[in-house]
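Worksheet: one structure, shown below.
Heavy-atom basis, side chains included; hydrogens, waters and symmetry copies ignored. Note that this is a predicted model, so its numbers are computed, not measured. Per chain, numbering begins at 1; letters A, B, ... match sequence-line order.
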Protein chains: 2
Amino acid sequence: MANIQQVAKQAGVSVATVSRVLNGQNTVSSKTKTKVEEAIKFLNYEPSMLGRNLRNSESRIILILIPNISNPFYLDIIKGIENMALSQGYNILLCETDSNPDKENIYFDLVRKKMADGIVSMDPAVNVDTLKELARTYAIIQCSEYGGGIGIPYVTIDSEEASYRAVKHLIQIGHTKIALMNSDEKFLYARERKAGYQRALKEQGIALDKDYVIYTQELSFAHGQQAMKKILALQDRPTAVFAVSDLLAIGALKEINASGLHVPNDIAVVGFDKIDFSNMTNPTLTTVAQPMYKMGTTAAAMLIDKIKGREVDSVILDHELIIRESTSG
Amino acid sequence: MANIQQVAKQAGVSVATVSRVLNGQNTVSSKTKTKVEEAIKFLNYEPSMLGRNLRNSESRIILILIPNISNPFYLDIIKGIENMALSQGYNILLCETDSNPDKENIYFDLVRKKMADGIVSMDPAVNVDTLKELARTYAIIQCSEYGGGIGIPYVTIDSEEASYRAVKHLIQIGHTKIALMNSDEKFLYARERKAGYQRALKEQGIALDKDYVIYTQELSFAHGQQAMKKILALQDRPTAVFAVSDLLAIGALKEINASGLHVPNDIAVVGFDKIDFSNMTNPTLTTVAQPMYKMGTTAAAMLIDKIKGREVDSVILDHELIIRESTSG
DNA sequence: CTGAAAGCGCTAACAA
DNA sequence: TTGTTAGCGCTTTCAG
């Protein structure tokens with residue numbers, strides 16, 4: 001547990017010189033450098049980040065805010081953020097908010113108390129006012145979800161267009177009775193995905209049936225099952241379902257199977273997110289792929305730029321429709 | 001961005017007094033306390049953890065080492081660790097090692113460099129020598145997986161017994177031709193689960209068929225599929241499969257379905273871990289439940305004890321066999 | 001009950 | 001090329 005002083009003494013130089021060697025400055029003669037390196041090795045010295053961080057007024061930690069760690073949707077984004085962060089000497093603190101303001105506040109405190117240098121927020125339910133307030137002082141990026149027009153840079157995909165393409169695909173393979181399984185429209189992405197759904201229907205002259213639009217409280221398997229139950233109970237049952245999340249869609253799949261109907265012959269299903277499990281279901285799930293990993297690296301790079309005081313602009317990434325068994329029996 | 005000096009000046013007291021108020025010491029008169037609190041509010045002061053951490057030689061961060069963030073197995077353990085940590089004023093840094101020594105080393109460095117106060121390791125493939133070496137100086141707990149006898153405290157379940165019960169269940173419902181889908185036996189849990197499998201067979205006088213023991217390189221869906229392919233190709237096909245992980249079992253399920261056979265009528269399947277998705281498959285999966293959340297809280301509590309310099313003993317928690325559709329048509 | 005002052009381990013401006 | 005020294009923001013003796 002040696003410190004820089006002891007290394008300096010051991011090497012017979014000053015702490016400044018040791019610090020220079022530590023930080024790879026080339027203003028040190030190779031002789032002294034060797035001496036210092038030997039002393040470091042001899043004493044088994046490891047520089048303390050606590051001292052360095054205080055001195056530099058930085059923590060080299062970035063916060064990732066997600067509503068729920070169990071949602072596989074976030075996995076690849078997180079990996080992207082982490083790898084980019086690591087490559088720039090940052091570490092990530094993964095924070096599950098449960099969309100609970102108290103828990104959010106614990107994590108916001110971390111940046112207020114200088115224990116974190118910035119935040120990548122992926123929580124659509126986060127307290128937007130607090131976030132906006134924080135963003136005035138601290139580096140914050142919104143990822144995947146963004147509360148439009150609150151002036152925080154974001155990275156996302158074009159949800160409206162993605163939704164439009166998914167529904168158009170269903171129409172092209174012959175469906176006209178298409179249900180939408182959506183989130184609460186308090187979320188921007190929910191409004192955008194509904195808009196895309198409507199545009200596709202309208203373009204093909206299909207009237208919007210209000211009964212075909214079902215809202216769920218959560219993007220979970222169980223809520224997908226529940227919603228599908230309602231859809232199956234409809235008088236004029238739709239022949240296709242577009243769910244705004246794979247977890248919902250997988251719940252729907254299960255429910256359809258349980259009712260003795262066949263996917264896709266009786267009802268076709270499209271999900272959204274391309275989580276790993278969407279390829280493990282029976283049948284495999286047609287879904288919209290977001291470039292998760294890239295979203296993560298982009299968000300991290302933007303955040304680090306912001307931390308360093310540089311200007312950053314929002315980014316919209318591409319998406320892709322993955323056609324699999326649930327729409328092509 | 002006020003600091004403690006400015007608060008002291010504003011309140012007309014010394015920094016020591018401010019610090020006392022901050023830390024809730026009751027050696028401050030209520031008058032001065034009020035003055036200080038007003039100054040804090042007035043200046044919008046937030047104490048910096050960088051300063052405090054350096055002074056206290058602690059980071060209040062604990063590391064969680066997992067091989068792969070995508071494995072749902074770890075989710076509840078992580079939640080348990082996090083909640084316990086939070087309640088004690090610690091934050092968690094989630095570290096995915098990819099079972100890659102270089103990446104492990106990045107994270108080990110965090111504790112060497114005082115950026116983390118301790119480690120909960122859940123990586124069975126972690127470099128045991130390094131871990132052992134680190135454990136001499138730093139607080140380390142092994143969770144769920146442990147490399148026996150290396151002197152690091154651990155929390156886990158009795159894998160041998162759990163495996164024994166799972167296999168016994170299969171025997172009780174009439175199976176005698178039972179395959180074991182196992183991990184590489186370099187992992188202790190793999191050896192223990194095999195031992196439980198053997199004990200159950202032996203107890204019932206069923207001879208061990210070497211062809212029925214299949215090893216997979218990874219605990220993943222894809223590897224479960226592959227392994228199941230091999231099992232299905234066997235001359236004398238087993239009527240039941242016990243997989244040491246739900247992900248393997250779900251892969252097996254998919255493969256059996258694809259081959260036109262029926263679960264459980266043709267082949268019964270048992271998994272291990274009770275991940276969320278084990279209840280979403282068709283049919284739902286019989287599996288062994290580990291008390292994940294409790295494992296997490298226990299590990300965190302043990303680690304914090306260790307950080308504070310207290311003695312800690314290893315813990316073995318209970319498990320439970322969850323019988324569902326994949327073994328009871 | 002309160003204040004002065006030392007120091008946690010490090011970096012960087014300035015001087016030599 | 002190297003050393004001296006002043007902090008970064010906080011906690012905690014020790015004195016009063």
Next item on the list: Mind checking B/Thr27 for me? I need base, sugar-phosphate or nothing, with any heavy atom below 4.0 Å counting as a touch.
Entry: base
Next item on the list: Please tell me if the side chains of B/Lys79 and A/Ile69 come closer than 4.5 Å, counting only heavy atoms from C-beta onward.
Entry: yes
Check: Which heavy atom in A/Met122 sits nearest to a heavy atom in A/Pro67, and how many Å separate them?
Finding: O-CD, 3.7 Å
Note to self: Using a 3.5 Å distance criterion without hydrogens, assess whether the side chain of A/Asp273 forms a donor-acceptor pair with backbone atoms of A/Ile275.
What the structure shows: no
Checklist line | Nearest-Å distance for atom pair CG/C1', residues A/Asn53 and C/dA12 | finding: 16 Å
Check: What integer distance in Å separates B/Gln25:CD from D/dC10:P?
Finding: 15 Å
Item checked: Minimum heavy-atom distance between B/Ala2 and B/Tyr45, given as atom pair plus value -> O-CD1, 3.4 Å
Next item on the list: Could I get the full list of ring-ring contact (aromatic ring centres under 6.0 Å, His included) partners for A/Phe73, not counting sequence neighbours?
Entry: none
Notebook entry, point to check: Does a nitrogen or oxygen in the side chain of B/Ser29 sit under 4.0 Å from OP1 or OP2 of C/dT2?
Noted result: yes
Margin query: Less than 4.0 angstrom from a charged side-chain N to a carboxylate O is my criterion; do A/Arg112 and A/Asp109 meet it?
Written below: yes
Next item on the list: Could you encode protein contacts along nucleotides 4-11 of chain C as a string, one character per nucleotide from 5' to 3', using B for base contact, S for sugar-phosphate-only contact and - for no contact, with a heavy-atom cut-off of under 4.0 Å?
Entry: B-BBBBBB
